[in-house]
S.K.: 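Structure below; questions to follow.
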Number of protein chains: 2
Amino acid sequence: MLSMTLEDYLESIFLLGRGRNPVRITDVAKKLKVKKSTVVNAIRKLQQEGFVIHERYGDILLTQKGIEMASRVYERHLAIFSFLVEILGVPEEIANKEACGIEHYIGEETAKTLSLFIEFSRLCPQLQKIIYEDFRKYKNSGTIPDICSEEGKKMLKLTQLKVGQKAIVKKIDCDRSIKSRLLTMGIVPGVEIQVEKVAPLGDPIDILVRGYHLSLRREEAQCIEVEEA
Amino acid sequence: MLSMTLEDYLESIFLLGRGRNPVRITDVAKKLKVKKSTVVNAIRKLQQEGFVIHERYGDILLTQKGIEMASRVYERHLAIFSFLVEILGVPEEIANKEACGIEHYIGEETAKTLSLFIEFSRLCPQLQKIIYEDFRKYKNSGTIPDICSEEGKKMLKLTQLKVGQKAIVKKIDCDRSIKSRLLTMGIVPGVEIQVEKVAPLGDPIDILVRGYHLSLRREEAQCIEVEEA
DNA sequence: CTTGACTGTTCGATTAATCTAACATAAAAT
DNA sequence: ATTTTATGTTAGATTAATCGAACAGTCAAG
């Protein structure tokens, strides 16, 4: 209904105009880092669609329709921004920039759920604790916190498993290209695998993942850490 | 370095070509729902930049550079998709579509962190439990689970607070327009507020949020639920 | 070997978003 | 009241991505 670019203009006008400051072409141009002529163009389109009112040489005003649309966009922005900052710990400036792009692609439903998730995390000290302590630790050092590992299970390399044995993938520790191949085959942390067949020298190893048979090179299997099921 | 659109083409070629099927112009056109002539155009640009090799009337092949770029994009896609599905519970089809857009705006760093977050959630049964049980419940019914509320604190409407009293915002329960106004003023769940002054009939109410003074209508204050600090 | 039936390519047109440069208006300063 | 400065507008050009339609190449079935 409104192109992403026009959504951006609308959102900027909304943000600049909060606190009822009149918004001028130049403000928008500065905020979005485009030339004034470009803004004039965009405003004309927004006016045609009934989102803003703008008289020649005058201030830009949002219509009711414009305010509604803009606040919808801004809510999405805020949800994404908060998630990036509060949950993932992304620096605010980066989070803001990324949210500016993402906000146009995330649907109303998803945005609402994301907002709820943030809200929930703020309300729930337990969740906060896990995110702020355990996840940060995992992120910075790769350490799997104690609260996560179940008792009495050993960590093994996939290559150490015997035929028929089942295990849960816990970690994949190798360089990008192999890792991405493994990921696209559905081998991701948390998934259950079963060893089907091992060739004489341990290469290849046939495994079962989510009902599919896969054949792994030893080199690949070596970097998959699992926990006995 | 590569426009979002071209990233999409690259990613499609990568996905279509896994399992070493040769990829043809028509496949890409079908996948991206564009005309063949458009694909030819895009492929030409990708070829110029050294991401693919394509002889007239032949198959499309990714170069090493192309594979690296494509798998980077795809990894971002996967991270976003997994987050939407596993954490937020968005239906797969929608998640996939939204991930297609978002993947172009999320930075490498953020994507990595997001992946880690998914990984961590898969590894950590405690976190899973909170997300799959408590968050889902909150999402569906608005119920704040027991594990979240601290003992011995009462829930109140903001209007019930006395001057000078501090409280934590727990829930905002009103229609979009008021809610969005409150959000833009920084009144969000989890934030601490203090009542500064209450006018004779309880309208307006002056409060302090993150060091700023705000004046709220009674109507607005009514729908803010807080917990005594 | 010819002939469909796809598949791929070229070309010209269109649209959205942007720019530059020249011009017009309004507001502020003198 | 005039001039200057900042602001806004217009027009024309450019770029990326797309389309449609006409044309070209490939390959398998007969």
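Below, all heavy atoms of this structure are taken into account, side chains as well, without hydrogens, waters or symmetry copies. Small disclaimer: the values here were computed from a predicted structure and weren't measured. In what follows, every chain begins at residue 1, and chains take the letters A, B, ... in the order their sequences are listed.
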S.K.: From CZ of A:R24 over to C1' of D:dT5, roughly how many Å is that when rounded to an integer?
M.R.: 13 Å
S.K.: Rounded to the nearest Å, what distance is computed from the CG atom of residue A:D59 to the P atom of nucleotide D:dT7?
M.R.: 13 Å
S.K.: Do B:F51 and B:L2 have side chains that approach each other closer than 4.5 Å (heavy atoms only, starting at C-beta)?
M.R.: yes
S.K.: Using the ring of each side chain (for Trp, its six-membered ring), is B:F83 parallel, tilted or perpendicular to A:F83, with breaks at 30° and 60°?
M.R.: tilted
S.K.: Looking only at atom types and distance, does a side-chain atom of B:E103 sit under 3.5 Å from a main-chain N or O of B:I80, one as donor and one as acceptor?
M.R.: no
S.K.: Look at B:Y9 and D:dA16 and indicate whether a side-chain polar atom (N or O) is within less than 4.0 Å of OP1 or OP2.
M.R.: no
S.K.: Would B:T110 and A:E98 count as having a side-chain donor-acceptor pair, cut-off 3.5 Å?
M.R.: yes
S.K.: Provide, to the nearest angstrom, the distance between the CG atom belonging to B:L6 and the C1' atom belonging to D:dA16.
M.R.: 9 Å
S.K.: Between B:F120 and A:F135, how do the two ring planes meet: parallel, tilted or perpendicular, split at 30° and 60°?
M.R.: tilted
S.K.: Report the distance from atom CD of A:Q47 to atom C1' of D:dG8, rounded to the nearest whole Å.
M.R.: 14 Å
S.K.: Just to confirm, is there a sub-4.0 Å distance from OP1 or OP2 of D:dT18 to any side-chain nitrogen or oxygen of B:T5?
M.R.: no
S.K.: A:Q48 has an atom CD; how far is it from atom C1' of C:dA17, in whole Å?
M.R.: 15 Å
S.K.: Looking at DNA chain D, which of residues 33-44 of chain A put a heavy atom within less than 4.0 Å of it?
M.R.: A:K36, A:S37, A:V40, A:R44
S.K.: Please say whether more than 12 non-hydrogen atoms of neighbouring residues, nucleotides or ligands are located less than 6.0 Å from NZ in B:K65.
M.R.: yes
S.K.: Can you tell me how far apart CD (B:E86) and CD (B:Q128) are? Round to the nearest 0.5 Å.
M.R.: 7.5 Å
S.K.: Can you tell which of D:dT7, D:dT9, D:dA17 lies closest to the side chain of A:I25?
M.R.: D:dT9
S.K.: To the nearest angstrom, how far is A:E55 atom CD from C:dA24 atom C1'?
M.R.: 17 Å
S.K.: So which protein nitrogen or oxygen atoms get under 3.5 Å of nucleotides 24-29 of chain D's nitrogens or oxygens?
M.R.:
residue	atom	partner	partner atom	Å
D:dG25	O4'	B:Y57	OH	3.2

S.K.: Would you say the side-chain atoms of B:Y138 and A:E119 include a donor-acceptor pair closer than 3.5 Å?
M.R.: yes
S.K.: Quick one: do A:D134 and A:K137 satisfy salt bridge (charged side-chain N to carboxylate O under 4.0 Å, His left out)? Show the steps, please.
M.R.: CA-CA 5 Å; A:D134 303 313; A:K137 201 202 278 174; 5.0 Å; no
S.K.: Calculate the interatomic distance between B:M1 atom CE and D:dA16 atom P; express it in whole Å.
M.R.: 15 Å
S.K.: Rounded off to whole Å, could you give me the CG-to-P distance for the B:L46 and D:dA16 pair?
M.R.: 13 Å
